[in-house]
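This report refers to the structure that appears directly beneath it.
The basis for the numbers below is simple: all heavy atoms, side chains too, and nothing from hydrogens, waters or symmetry mates. Counting starts at 1 for both ligands and their atoms, in listed order. All of these numbers come straight from a predicted model, not from anything done at the bench.
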Amino acid sequence: MLQDIRSKIQNRERISSDEARWLWMNASDGELREFASTVRARSHEPSKCTYMLMRIINYTNVCVAQCDYCAFYRLPGNPEGYVLSQGQVFAKLDELLALGGDLAAFNGGFNPHLPLDYYCDLFASVRARYGDRLEFYALTIAEFMYLADHAKLDYSAAAQEFKDAGVRWITGGGSEILTEDFRRRHSKFKYTVAQYLQAQAAIVEAGLRTTATMVIGFDESIDERIEHLERTRQFQDRTGGLASFLCWTYKPYFTQIGGIEIGTEEYLRHLALSRIYLDNIPRIRTSVLTQNERALEGLLYGADDFDLPMEDEVTQKAGATISLQFDKILNVARELGFQPIYRHVVEAGQPQ
Ligand code: SF4
């Protein structure tokens, strides 16, 4: 079996779900690294990697979705609930620019008190104030769906509203594990897989950019992980709209379900499997946010790109730690043999 899979990869053929499962169960770390590096080299120079300095802006922590793996949200009426003003958002963006970053990602909750106008005004103001000096990911797919439903708009109309407000990106956050059973177990108010993919397709059709994400380390099975990868690969075959794939790991502290974090070794193996399986997504990203410096080892397991994050309350509330010693982190990439190159999301007004 190993030799068959090696031949397929060398011949640029796609591996099947069964072969992915076999690799996960049987391949050594070295074999996964080898195969992932072969696929990576089709679209990236082996000794180079790219990165961005970014900040996640958690504009509200009020949420009614009640995912049992989330330590961030507060229900409406909770005195710890908040909504950031435009002034507070601008202050965070100014800090980001001062540190040399140029990407912000807005991520909050399903807040029933915020109308569509709050978002459209916010995004239009950010675009007007900063122009192309920075780019922003406006919301995740899951938040987008909630807002559209709340405003009684179909996904196409909602995507157009955001586009008119200056939005260029709605990222693939909120996918976690894309199986219906996982969502029934952990996030039954966060939409089905079918709805999620329908919304993402509408976003692509509206001419907005989007990405694929995944979170591992809950209680999902290997079959569920592979199903997620398969749905992602199919979506990309159908739409070509996914700019990248980012996987990170669940942080269990202060969440309802708790649990124990998976080790970096397991994360790296999954990154490699993702690179091998997702042969139609050239940019595979590794998560400094949840794996810190060890995320850079992901470059050896097929990843080619990463963020240096300044802030993300969602994962920090659940145990993630963030270092602003960016040079130290970049040096880890250099020590592993990679030349890190800053990747601007904004290039002459054309996000990539
Ligand atoms: S993960 Fe997101 S949608 Fe789920 S409860 Fe937390 S903030 Fe709400």
Measure up the His228 and Phe245 rings against each other and bin them: parallel (under 30°), tilted (30 to 60°), perpendicular (over 60°). perpendicular

Arg285 to Phe306 six-membered ring, cation-pi geometry met (6.0 Å, 45°): no

With 2.8 Å as the threshold, which protein atoms of type N, O or S lie near atom 8 (Fe) of ligand 1? Leave waters out. Cys63 SG

Does the distance from a Lys or Arg side-chain N to an Asp or Glu carboxylate O, for Lys8 and Asp279, drop under 4.0 Å? no

Run the side chain to side chain donor-acceptor pair (under 3.5 Å) test against Asp312 and tell me which residues pass, sequence neighbours left out. Asn58, Thr315

Taking only residues two or more places apart in sequence, or in another chain, which ones meet Tyr342 in a side chain to side chain donor-acceptor pair (under 3.5 Å)? Asp102

Kindly write out the residues that satisfy side chain to side chain contact (heavy atoms under 4.5 Å, CB included) with Gln198, not counting sequence neighbours, or none if the list is empty. Tyr155

Does ligand 1 have any atom that is closer than 4.0 Å to a heavy atom of Gly108? yes

